[in-house]
Amino acid sequence: DGGITQSPKYLFRKEGQNVTLSCEQNLNHDAMYWYRQDPGQGLRLIYYSQIVNDFQKGDIAEGYSVSREKKESFPLTVTSAQKNPTAFYLCASSIGLAGTPYEQYFGPGTRLTVT
Amino acid sequence: QKEVEQDPGPLSVPEGAIVSLNCTYSNSAFQYFMWYRQYSRKGPELLMYTYSSGNKEDGRFTAQVDKSSKYISLFIRDSQPSDSATYLCAMSGGSNYKLTFGKGTLLTVNP
């Protein structure tokens with residue numbers, strides 16, 4: 001089955017530690033995205049990548065880093081510089097230039113709790 | 001003024017009711033409009049995708065876009081308890097595929 005997987009589903013970390021969230025897709029999509037969702041808030045874009053080895057900052061990139069070494073993978077690192085990292089993190093992908101790039105498909109999310 | 005405004009609700013309706021969910025926006029460059037459904041603690045699921053103005057129907061769901069009023073709607077006919085979720089509108093118009101989301105409306109359909 002094609003889709004987007006995120007692991008783990010729940011993640012707990014101590015303050016001051018970096019943590020990496022995994023996102024893998026087998027949809028052969030070119031573009032991938034990371035969002036953050038807080039209670040009562042819409043989705044806010046952290047980083048996005050339209051092609052391998054290239055990525056751009058979204059609206060709230062401070063304290064986060066990403067890499068895009070493979071088409072199917074787009075890991076997100078939440079660094080200790082992120083002041084309020086506890087949130088629900090969502091990864092998405094879209095087909096990119098070849099089709100309708102605005103249709104983004106989401107993974108199941110990772111709930112990160114930092115104490 | 002926020003780029004996308006969406007009433008957060010909560011909205012509670014009886015089973016079988018017609019539900020109307022709405023978003024307004026301020027950016028006239030938006031041309032692509034989407035509705036997502038998100039169940040509690042799950043990722044959003046794309047429901048409807050519309051380009052420019054007009055209506056689009058898919059089963060019990062109808063999406064409407066009125067670009068002159070900068071207003072989009074999602075109608076759900078014969079609502080079911082399984083429709084209980086948060087509904088997010090999203091839109092875009094640029095070349096970088098960025099979506100701007102509303103905050104979501106929490107809908108409960110009571111049996």
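The sequence lines fix the lettering, A, B, ..., with proteins before strands; numbering per chain opens at 1.
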message = Evaluate B:K98 against A:Y48 for side-chain contact (heavy atoms from CB on, under 4.5 Å), listing each step before the verdict.
response = CA-CA 8 Å; B:K98 285 178 62 176; A:Y48 64 103; 4.0 Å; yes
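B:L46 and A:E103 get closest at one heavy-atom pair: CD2-OE1, 3.7 Å. A pairwise comparison of heavy atoms in B:G43 and A:L90 identifies CA-CD2, 3.7 Å as the closest pair. When all heavy atoms of A:F88 and B:Q38 are compared, the closest pair comes out as CE2-NE2, 3.9 Å.
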Could you tabulate the donor-acceptor pairs under 3.5 Å formed by side-chain atoms of residues 7-15 of chain B, not counting sequence neighbours?
from  : atom 1 : to     : atom 2 : distance (Å)
B:D7  : OD1    : B:G9   : N      : 2.9
B:S12 : OG     : B:N110 : ND2    : 2.7

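There is a path of hydrophobic side-chain contacts, each under 4.5 Å, that joins B:M34 to A:F106. Put simply, B:V109 and B:Y87 are part of the same group of oily side chains (I, L, V, M, F, W, Y) that touch within less than 4.5 Å, one to the next. Hydrophobic cluster membership is shared by A:I60 and A:V78, with clusters built from Ile, Leu, Val, Met, Phe, Trp and Tyr side chains linked at under 4.5 angstrom. With hydrophobic clusters built from ILVMFWY side chains whose heavy atoms lie under 4.5 angstrom apart, B:V65 shares a cluster with B:L47.
Scored by the ring pair (Phe, Tyr, Trp, His ring centres under 6.0 Å) test, B:F101 finds A:Y35, B:Y36 as partners (sequence neighbours excluded).
Only the side chain of A:Q37 comes within contact range of chain B, judged by heavy atoms closer than 4.5 Å. Of the atoms belonging to A:L43, heavy atoms from both backbone and side chain fall under 4.5 Å from chain B. Contacts between A:R111 and chain B at a heavy-atom distance below 4.5 Å involve the side chain alone, from C-beta outward.
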